[in-house]
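Everything on this sheet refers to the single structure shown next.
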Amino acid sequence: MTSPSSKRSASESISPPPSKRKRSCSPDSFFSDVSESPLYVFLVDAKLNGETIEELISLVDQFNLNDTAKSQTGVELQLSLNAEDADIIVTEVRMRARLERHLDWVTAKQKAIVTTQWLRDSVRSQQLLPCGKYAALGELYEETVHNCPENNCAVDAPSKAKKENTNIRYNHRYACMRNSPLNCPNQVLIKKLAVLRRHRELEGLDVQALSYERAISVLKAFPHHITANDVQQVSDLPHIGPKILSKIEEFIQRGDITECNDILSEARYQSLVAFTEIYGIGPSTARNLYSLGLRTIEDLEKHYKDKDNAKIQATRIQAPAKKTFTSPTSKLRELGLPEMTVKEALLLREDLNVRIPRSEVEEIRDVIMNELGQIRRGCVSMITGGYRRGKIESNDIDIVISHKDLKSGGDEVKGLCATLVKRLYDKGIVTHVMHLSSFRPHNTLRTAHWDSLEKALTVVKLRDNNNNGTGQKQNQKHIHRRLDLIFAAPEVYWTAVVGWTGSIMFERDLRFWAKQEKGMRFDSSGISRRHDSKLYFPKSEEEVFELLGLEWIDPTLRNADM
DNA sequence: CGGCGTACG
DNA sequence: CGTA
DNA sequence: GCCG
């Protein structure tokens, strides 16, 4: 058993004394010494730009969201508003004089004063690292080591506390075997490589795009900032071949990639990027529109002006000679739901490109589940997608829904998806339905259970709080948001949760791993053996990993994409 | 040199 | 082909 | 574009 719960049991079995945060050196107490009060962190904003501050703040959140980090350290990080109340000071300042403009020297001597890298490395290794190596001021090295919250032991203390699975997995071939944090030390490089990837994707070079995607994914898990010293190590990474390595080398030397800038200045690239921002327009359609002479969103608006009924799928310029698509709208028709048109998508474009804060994701979940509760009792749900991976803002909202009654074999949720969507539509919460479908189980011989998964891709818009009466509340204006609802039969709930938590590269490699190394088939409606289609029904997320022979990876470390 | 995730509308 |  |  390598499930996280078995690891955690060490800290749960011993009930800690209600100690004030004072860490002892004994190995036994290392994981069990859970302190009550959070560890206060003060960020000295001098020498930090807005982007970096945002990054550091999100790192603090990330640390707290991470179950493993929490249980290993027993500590929650909290930002402090002033230096005096903080336990640890994080700064890029290196000079006494400069630091004294932000806190007085007497205070400084009572704290651990570390570089921003301490925070990055601590979050990524899921533990509070010794401060010695990260002391921001040489002059305060002794004080920093002494006041370091990690422990009061020797600087190399944590080596004995290394867990078996920590981060020596960064060079694994499969993304589902690597720890991929939300933010990594090489974001700048990755962003530039992502432009090359996007360019190839837009031009229809799917295979090359995939290669860049894999390389980016590997770099995402690389544990430190890449410099000239690391070239050998980087070239040894999987999915980094001669072509991509040369781009990375160029970046190390010049801090930039020529091809990246060339692409960004291409008018064609800019148009294709803009076109594909519209829901339903992909690379192929975008290229066709471009070849018609269209260049801007305004051009598209003109082009689609009169075609009220231009369905989103009918954007193809060169009709496929044969084989008209079976109307994708029949299901919607049955329920009296309108179909999605290009015109609608153009109108929604602005709203849908605005990121969704976590609080609003939760708000929408609450509204949806409240409505669902009025149709069927006993439903369970989980927000998956980027939200579950710890993103501060999401592109869309994914909710996996099932029923607590395992024995019902899916009867309790069968047909619920369409029923709920219809209800939400009638109430004006769901404004658009792009897609409404059901999956079939792989094994067609089985008559016992029907569809094990139902899916709806929708757009929602909550009513604004027109605060008559209370007057106090902020009058927040809601906008359109993308909401995906996935209904899973109880026995495939955990498979669906893993399947919809992502990231995309993580999912691809999960399937690839299952096939290549385990002879299994993984898809969100189930796990099966390839040769005899024997189905498995894991009863927890940990069991899914176990079944596939994978080490547990926390959702916040599944950010294997850009 | 074949394969690259998998399924649906 | 587009989407998750 | 990279891997087995």
Side-chain angles (χ1 to χ4, degrees), chain A residues 173-176 193 196-197 200-201 204-218 235 237-247 275-276 278-288 311-320 323-333 339-340 342 345 352 384-386 395-400 433-442 451-458 482-486 495-496 499-517 520-528 530 560-561:
Chain A
R173 185 157 90 83
Y174 294 93
C176 54
L193 291 176
L196 307 203
R197 188 206 73 86
R200 281 145 183 75
E201 180 185 50
L205 306 169
D206 291 359
V207 174
Q208 287 89 332
L210 177 61
S211 283
Y212 276 94
E213 221 170 327
R214 296 208 116 95
I216 287 168
S217 177
V218 168
S235 78
L237 292 173
H239 305 292
I240 306 280
K243 293 260 214 331
I244 293 178
L245 181 65
S246 77
K247 306 288 178 195
F275 293 172
T276 51
I278 291 144
Y279 189 92
I281 296 184
S284 173
T285 309
R287 289 196 300 273
N288 284 330
K311 293 174 192 62
I312 207 77
Q313 292 86 353
T315 351
R316 245 175 283 95
I317 303 308
Q318 287 163 359
K323 225 191 206 176
T324 60
F325 273 53
T326 56
S327 172
T329 65
S330 59
K331 191 105 186 183
L332 301 182
R333 285 256 170 72
E339 32 193 279
M340 188 66 164
V342 179
L352 298 191
T384 55
N395 306 312
D396 64 2
I397 303 152
D398 301 295
I399 305 180
V400 175
V433 182
M434 274 83 86
H435 182 112
L436 192 58
S437 76
S438 50
F439 285 55
R440 286 159 207 70
H442 334 109
D451 301 346
S452 49
L453 244 124
E454 298 177 347
K455 179 174 80 166
L457 311 185
T458 73
R482 281 272 297 104
L483 169 71
D484 294 345
L485 298 174
I486 298 93
T495 319
W500 288 85
T501 295
S503 64
I504 290 170
M505 200 59 229
F506 191 91
E507 297 298 330
R508 283 180 159 188
D509 271 357
L510 208 58
R511 287 154 159 78
F512 197 41
W513 161 270
K515 184 202 277 200
Q516 300 285 304
E517 315 289 338
M520 307 269 273
R521 173 188 298 273
F522 179 102
D523 63 61
S524 30
S525 66
I527 297 176
S528 57
R530 282 185 107 85
D561 294 294

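Protein chains get the first letters and strands the later ones, always in sequence-line order, with residue 1 at the start of each. Since this is a predicted model, take the numbers as computed values, not measurements.
Nucleotides dC8(B) and dG1(D) have their C1' atoms positioned 29 Å apart, rounded to a whole Å. Taking the C1' atoms as reference points, dG5(B) lies 14 Å from dT3(C), given to the whole Å.
Here the rule is side chain to side chain contact (heavy atoms under 4.5 Å, CB included) with T384(A), and of I397(A), D398(A), D484(A), I399(A) only D398(A) fits it.
The OH-C1' distance, from Y279(A) to dG2(C), rounds to 8 Å in whole Å. One can place CD of E507(A) at 19 Å from P of dT3(C), the figure rounded to the nearest angstrom. We find that CG of D206(A) is positioned 9 Å from P of dC1(C), with the value rounded to whole Å. The CE-P distance, from M520(A) to dG5(B), rounds to 19 Å in whole Å. Distance NZ (K515(A)) to P (dC3(D)): 19 Å, rounded to an integer number of Å. In this entry the distance linking CG of D398(A) with C1' of dA4(C) reads 8 Å, nearest Å. Atom CG in L510(A) sits about 16 Å away from atom C1' in dC4(B), given to the nearest Å. As a whole-Å value, the separation of I504(A) CD1 from dA7(B) P is 17 Å.
Applying the salt bridge (Lys or Arg N to Asp or Glu O under 4.0 Å) test to D509(A) and every residue at least two apart in sequence or in another chain returns R214(A). Residues passing the side chain to side chain donor-acceptor pair (under 3.5 Å) test with S211(A): none are found, sequence neighbours excluded.
Contact check for I244(A) versus Y212(A): side-chain heavy atoms found under the 4.5 Å cut-off.
Listed nucleotides dT6(B), dT3(C), dC2(D) differ in distance to R482(A); the shortest reach to its side chain belongs to dT3(C). Here the side chain of W500(A) is nearest to one of dC2(D), dA4(C), dG1(D), namely dA4(C). Side-chain atoms of I244(A) lie closest to dG1(D) of the nucleotides dG5(B), dG1(D), dA7(B). The L210(A) side chain lies nearest to dC4(B) when the options are dC1(C), dC4(B), dT3(C). Nearest nucleotide to the side chain of V207(A), out of dA4(C), dG1(D), dT6(B): dG1(D). Listed candidates were dG2(C), dC2(D), dT3(C). Nearest to the side chain of L457(A) is dT3(C). Which of dT6(B), dG2(C), dG1(D) sits closest to the side chain of T285(A) comes down to dG2(C).
For I281(A) against A286(A), the heavy-atom pair with the smallest separation is CG2-N, 3.9 Å.
Dashed line: the shortest gap from a side-chain N or O of R521(A) to OP1 or OP2 of dG5(B) is not under 4.0 Å. Contact annotation: R530(A) side-chain N/O to dT6(B) OP1/OP2 distance is under 4.0 Å. Between dC2(D) and R173(A), no contact under 4.0 Å exists linking OP1 or OP2 to a side-chain N or O.
Residue D484(A) is classed as a sugar-phosphate contact, given heavy-atom separations below 4.0 Å to backbone atoms only.
Side chains of Y174(A) and Q516(A): a donor-acceptor N/O pair is absent below 3.5 angstrom, by distance only.
Toward the 5′ end of DNA chain B lies the nearest nucleotide of R214(A), the other residue of the pair H435(A) and R214(A) mapping further downstream.
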